[in-house]
Protein chains: 2
Amino acid sequence: MLKIGEFSKLSHLTVKALRFYEKKGLLIPETVDEWTGYRFYETRQLEDAAKIKAYRQLDLSIDEIKAIMSGADAKVIFAEKAVALQSQREEIDVRLSIIKSILEDVNMKYQVTVKEIPSAIVYYAETTLEKYSDAMQFIPMCGEECRKLNPDLKCTNPPYEFCEYLDGEYRETNIRIRHSEAVEKTGRESELIKFREIPVTKVLSIFHKGAYEQIGEAYAFIMKYAEDNGYKPAGLARECYIDGIWNKESVDEWLTEIQLPIE
Amino acid sequence: MLKIGEFSKLSHLTVKALRFYEKKGLLIPETVDEWTGYRFYETRQLEDAAKIKAYRQLDLSIDEIKAIMSGADAKVIFAEKAVALQSQREEIDVRLSIIKSILEDVNMKYQVTVKEIPSAIVYYAETTLEKYSDAMQFIPMCGEECRKLNPDLKCTNPPYEFCEYLDGEYRETNIRIRHSEAVEKTGRESELIKFREIPVTKVLSIFHKGAYEQIGEAYAFIMKYAEDNGYKPAGLARECYIDGIWNKESVDEWLTEIQLPIE
DNA sequence: TTAGAGCATACCCTAAGGGGAGAGTCAATA
DNA sequence: TATTGACTCTCCCCTTAGGGTATGCTCTAA
């Protein structure tokens, strides 16, 4: 019969942990003095204690250990744990690779995040622009046309509006673009305006601040980032307009998000 | 001016997280309505939100992010984080290798744990045994001799008593052993009895239940385990007697721990 | 008999939010 | 104008695996 302190020294589990394990029903002292509440353990229980300690060192949770100790199939639990550990390992690898690229890169101008974009209904319109700045006429025009077709149709709040560049390559002229904007439901279509539902999408996202002249850098950055860190592009990048000439006077305050679908 | 829900959708941070970040002083809404308490954010703050989200995805803590955002040297923090992640990775690798060996091994008879043995003062005595069972005379004899030399010297509670086999190899006869037992302080020595302090030691530990005939299996197991999982033995294994003929009648209840110093 | 060590319970703490209750606010509709 | 439903607020409890501390009881040796 060992008092808790003695058992603690033999098992190399702290007294706190032993009391905690009792509370969780994992390792119950052989007897408990009815009057004083003193816990008494048997040397025999050192084996269970060792098991518990070994399993904790493998990072099994108390509940998992309890399951194993009460006869559950240990193989299954270990196999599950191995899978979980493996995916933890992969996550860590991704983080390490990102940190490494941050440390190497002198300019940490862009921060990349992974996001999940919920599904949405959008109206969209495609066209070919002679030059980029023509988008500034085209986009409001789409909005007007859509409102004309569907006077009661409302955009989402907050708005979600983006352009995709349909040419595979960079062009200075004759640029094919598709403009989309999220709305509450589908509506009447026209030659120009169509509706579709975009599915839930995982994206890499960065924000670009300032004028559009340097936005090419942002594209280059996110593409390189995806390649360096093992993300596979799964669609056209979306250029989302958050702040621009329509609400901010100073060009420095313009804000654009670039979302690159992945997986 | 965006309400918290709108900002949440744009930043892909939950409302809960945004309120939490405000509480922690990480991301303060641009204005807070004095009467209603409503938080209002600016689109400009999306950049900070993206940064925070990116850093959280790298598993930086709130405090680390706060340090970076308020101008601390990000390189240092990232470098530290990289080191931490690397060691996490190594831990996971060890666990995976152990789980793999458990899954492969049909007999999960032994559970190995890593322990830290605190330092202790021991008396010790060496001898050559003709056969193993002679230890049953030798060990109590050491105890008596020590008590004769040092009548007031007490053993630790709980006791810590072990044998080391000094021959590098397994022998059936002429076995050189050293027996040690932890005591409270040093004392008078004799030809047979010496004192020394054993330092803090990291060990692999397993428990062997039952008679000593099969204890060889346990040694084989722990040695293979050490090799398989990259632990380097750093000394002689200690055979610690917990339960035996002196306090348990049934052989099945005898309990011995084997501790293999590592690193 | 008394001091000191050991043991008991009980409460609070961790990191990063999640979940929910109860109450106030806002905007659109009847 | 009144109401309804969607948002928002604060406050409190919950998560893991125990650690720290306070207060009081018990045991053991001098």
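Naming convention: chains lettered A, B, ... in sequence-line order (proteins, then strands); numbering from 1 in each chain. This is a predicted model, so every value here is computed, not measured.
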When the nearest nucleotide of DNA chain C is assigned to Ile62(B) and to Lys154(A) on a heavy-atom basis, which residue is associated with the more 5' position?
-> Ile62(B)
Between Lys3(B) and Ser61(B), the residue closer to the 5' end of DNA chain C by nearest nucleotide is Ser61(B)
Please answer whether the main-chain N or O of Glu42(B) pairs with a side-chain N or O of Gln45(B) as donor and acceptor at a distance below 3.5 Å.
-> yes
Exercise: do Tyr55(A) and Glu64(A) side chains pair donor with acceptor under 3.5 Å | no
Can you tell me if [X] has over 12 outside heavy atoms packed within less than 6.0 Å of its [atom1]?
| X | atom1 | result |
| --- | --- | --- |
| Lys248(A) | NZ | yes |
| Glu197(A) | CD | yes |
| Lys53(A) | NZ | yes |
| Lys81(B) | NZ | yes |
| Arg196(A) | CZ | yes |

Expressed as a whole number of angstroms, how long is the span from [X]:[atom1] to [N]:[atom2]?
| X | N | atom1 | atom2 | result |
| --- | --- | --- | --- | --- |
| Lys66(B) | dA16(C) | NZ | C1' | 14 Å |
| Lys53(B) | dG17(C) | NZ | P | 10 Å |
| Tyr55(B) | dA15(C) | OH | C1' | 20 Å |
| Leu60(B) | dA16(C) | CG | C1' | 14 Å |

Give the first and the last nucleotide of DNA chain D, reading 5' to 3', that has any atom under 4.0 Å from a heavy atom of chain A.
-> dA17(D) to dC27(D)
Residues passing the side-chain contact (heavy atoms from CB on, under 4.5 Å) test with Glu189(B), sequence neighbours excluded, are Lys194(B), Phe195(B)
Out of curiosity, Glu22(A) CD to Tyr41(A) OH, how far, rounded to the nearest 0.5 Å?
-> 5.5 Å
Going by number, which of residues 14-50 of chain A have a non-hydrogen atom under 4.0 Å from DNA chain D?
-> Thr14(A), Lys16(A), Ala17(A), Phe20(A), Tyr21(A), Thr36(A), Tyr38(A)
With Arg147(B) via salt bridge (Lys or Arg N to Asp or Glu O under 4.0 Å) - residues at least two apart | none
Kindly write out the residues that satisfy salt bridge (Lys or Arg N to Asp or Glu O under 4.0 Å) with Glu263(A), not counting sequence neighbours, or none if the list is empty.
-> none
Return the angle between end axes of the helix from dT1(C)-dA30(D) to dA30(C)-dT1(D), with five pairs used per end and rounding to 10°.
-> 40°
